[in-house]
4 protein chains.
Amino acid sequence: MAALEAARDLLVELGYEALSIEAIATRAGIGKQTIYRWWRSKAAIIVEAVLEGIIDPPGSVIIDTGHLRADLERWLDSVVAALARPGGEALLRALAVAGASDPAATRALTEGLSGAEQEALLNRLRAGRQAGQIRADVDLKTTADTLTGAVVVTVLSRAPLTTERARKVLDVVLNGIESKPTDLTGSDRGLDSHPDARL
Amino acid sequence: MAALEAARDLLVELGYEALSIEAIATRAGIGKQTIYRWWRSKAAIIVEAVLEGIIDPPGSVIIDTGHLRADLERWLDSVVAALARPGGEALLRALAVAGASDPAATRALTEGLSGAEQEALLNRLRAGRQAGQIRADVDLKTTADTLTGAVVVTVLSRAPLTTERARKVLDVVLNGIESKPTDLTGSDRGLDSHPDARL
Amino acid sequence: MAALEAARDLLVELGYEALSIEAIATRAGIGKQTIYRWWRSKAAIIVEAVLEGIIDPPGSVIIDTGHLRADLERWLDSVVAALARPGGEALLRALAVAGASDPAATRALTEGLSGAEQEALLNRLRAGRQAGQIRADVDLKTTADTLTGAVVVTVLSRAPLTTERARKVLDVVLNGIESKPTDLTGSDRGLDSHPDARL
Amino acid sequence: MAALEAARDLLVELGYEALSIEAIATRAGIGKQTIYRWWRSKAAIIVEAVLEGIIDPPGSVIIDTGHLRADLERWLDSVVAALARPGGEALLRALAVAGASDPAATRALTEGLSGAEQEALLNRLRAGRQAGQIRADVDLKTTADTLTGAVVVTVLSRAPLTTERARKVLDVVLNGIESKPTDLTGSDRGLDSHPDARL
DNA sequence: ATATAAGCGAGACGGTACGTCCAGTCTTGGT
DNA sequence: ACCAAGACTGGACGTACCGTCTCGCTTATAT
């Protein structure tokens, strides 16, 4: 649909707030009414553009090599890379605003976008649990949300989202922060052969 | 300032997007120009109202009883309670939108609001580290962001933020998700030497 | 058009300067943009209202009974009567201001309004010339302007425009002021040869 | 007063409508309140500037050489010249608008400006009547108003005010337009040795 | 093959809010 | 004590969009 492509272009040029339905219609060379016939709001247009892949979302890659930490690192790296593309962070912010403004958009996004993205992440975590890499009593949904939450907050607060930061987040989520007084041998520390894991 | 109180009231009544500077001026019984003289944007008004305490942010209580987990539970409970107040979640969403719309607002919020809130949280974490309750190599800033991030995404995605959910988040962050003490054989550790583990 | 009627009413109530486009739109129950779509300025609205007859201009009646002086007297009387109507003088002043403010309005008024009004007057004068009642070398356009000019200045200077005053103007224009028939000696004519008489 | 000079400058630069009291105060380097202390309105400022000679009015010269027509021609020429100066016509229009907007300004102008200007013209006409050059029953005030009225209307209608036009006006007012059937000898025509009198 | 209708572009419409300018009043601080 | 400086409420400016509403002009079916 020309409207979605026009919306994408204008979103990049102007940002979400300055984006107007009128401008989308004009740019797309279609009537305003046609837009209203298909979408309820500005947020709905952007959401659909994302879900339809016209705006390519800050996609990420989740694979399963059997090594949980490595896979999650790879995933976080791909997220960082996706957001580092021009307009990547702006798009995530736009989606956040669209979601905050419109409950329907929120639902569509969490079901659609996260339905692809988060589900893949969850699957990897489930596999990790089955492989005994993840404690059985951990809530995997919470884990996924915690990981993405750290990313979202970083972007919303306009802090630079670097690979290092991603590593630190991963370290917290994988290892927790509590010191284990019962495990002074550092049995699992030795296994952590990544000296830069918490740079 | 009457403007800030009017902004607060209208924010609760209408939400951030529907909030207009004209309405704030009318409600406050002041001239529109006066608002423009003091604030650059709608976001700036809300930010100042929050920082000045006219809008009381979803504030929280952080105390130090020496028991880290209990203190963090108490803190998260207070956050949940604050957001459960009428307009609490809407306010957080409004702040997120304000921050996403206006870089200056982002900075002011992260420095001001988190400067009080997050700093207190960080202090508690530092105390915990000194007390040996937190691993020395953990990045405390990341920890704080991860905790708040989980809260923020939950609210932004309009999922119910319950005490249970808060407990689960805390469990992940405190304990991590990796199973360790029961798995001293390092069954999956062999993979750790994958050369591409941190690509 | 509702806008023109609203403009007319408000012009009478408030006067030209206090008249606002916003008030016209509100009174007419139309959007402000609609007004801007059709007219460039406040002056243009008033001008069109006059030309369309929504505001009926201080119209006058010019007939041809063959008796020049009587016809002009009748015309002037009708002008006086028209201006004596409530808002009549105010309207003329408003038109003067509109014309003074906006060159386009000036043109429209002189071509449109005077195009009807002045043309009729000119026609009567032409008929008078053909009938030998008016000197052949008199510039009729100048004559018409002189008559209306006397009326306009009177109104602009807020002097009472009475039938008596109209009669006096007519006397000047019809007869001239120079005493002639009784002064055939040309007592002051000797000066006529002054070389600088028309510097 | 600096305010009057600032008003004059801004009047030339911007025109009457675009002239603002705020701009006058700023330009004059004085407080707005000071202006309101001395003048009631924008019109009042302009009027006083004219009356005080800060804005020099389209002044004219009326002399008495004994030759009525020549003197009036000379006067009209000086009026034409004054209005031909840059901003001359604009000033007259501004005064017309000021007068139309503000009754007090009208009075001040007609008493002040015309008190100098018109009085001199009236005096010349009175002298002409005493010399028998003007019919005894002519209303001299009306005559003066008719002459100035023709000038004012010409300027307001944005028609070019030329010497030729002034001559034609003078011809009408001096000679009248009616042909004199009882004076076929053309006694007074011969005296009119100005072949270009009605160009 | 022609009539009917459905979808579309275009854009006018009544509105709301924008951000700016100025009116006219009031307060403050320096001379 | 005055006055420049300028903040204040109020209100109009002219613009941008909103979401609704006709308009004609395609196309595309259904008679």
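If you're wondering where the values come from, they're calculated on a predicted model, not measured in any experiment. Order of the sequence lines sets the chain letters (A, B, ...), proteins ahead of strands, with each chain counted from 1.
Listed by chain and residue number, C:V47, C:A108, C:L113 satisfy the side-chain contact (heavy atoms from CB on, under 4.5 Å) test with C:L51 (two or more places apart in sequence, or in another chain). With sequence neighbours excluded, the residues that form a side-chain hydrogen bond (donor to acceptor under 3.5 Å, both in side chains) with B:E48 are B:W39. C:E17 is linked by a side-chain hydrogen bond (donor to acceptor under 3.5 Å, both in side chains) to D:S101, counting only residues two or more places apart in sequence or in another chain.
The OH atom of B:Y16 sits 9.5 Å away from the CG atom of B:L95 when rounded to the nearest 0.5 Å.
Following rounding to the nearest Å, A:R40 (CZ) and F:dC18 (P) show an atom-to-atom distance of 16 Å. Atom CZ of A:R27 is separated from atom C1' of F:dA16 by 17 Å (rounded to the nearest Å). Between the OH atom of C:Y36 and the P atom of F:dA12 there is a distance of 11 Å, rounded to whole Å.
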Under 4.0 Å protein heavy-atom contact, by nucleotide of nucleotides 3-9 of chain F - B base, S sugar-phosphate only: SB--SBB
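The main-chain N or O of C:G99 is found under 3.5 Å from a side-chain atom of D:R158 such that the two form a donor-acceptor pair. Judged purely by atom type and a 3.5 angstrom limit, C:R93 uses its side chain to pair as donor or acceptor with the backbone of C:V155.
Among residues at least two apart or in separate chains, side chain to side chain donor-acceptor pair (under 3.5 Å) pairs with a member in residues 23-35 of chain B are B:E13-B:R27, B:E22-B:K32.
Comparing B:I21 and D:L19 along DNA chain E, the residue whose closest nucleotide (by nearest heavy atom) sits nearer the 5' end is B:I21.
Taking every heavy atom of both residues into account, A:A98 and A:A105 meet most closely at O-CB, 3.7 Å.
From the 5' end on, the contacts that DNA chain E makes with chain B at under 4.0 Å to a non-hydrogen atom open and close at E:dA17 to E:dC21.
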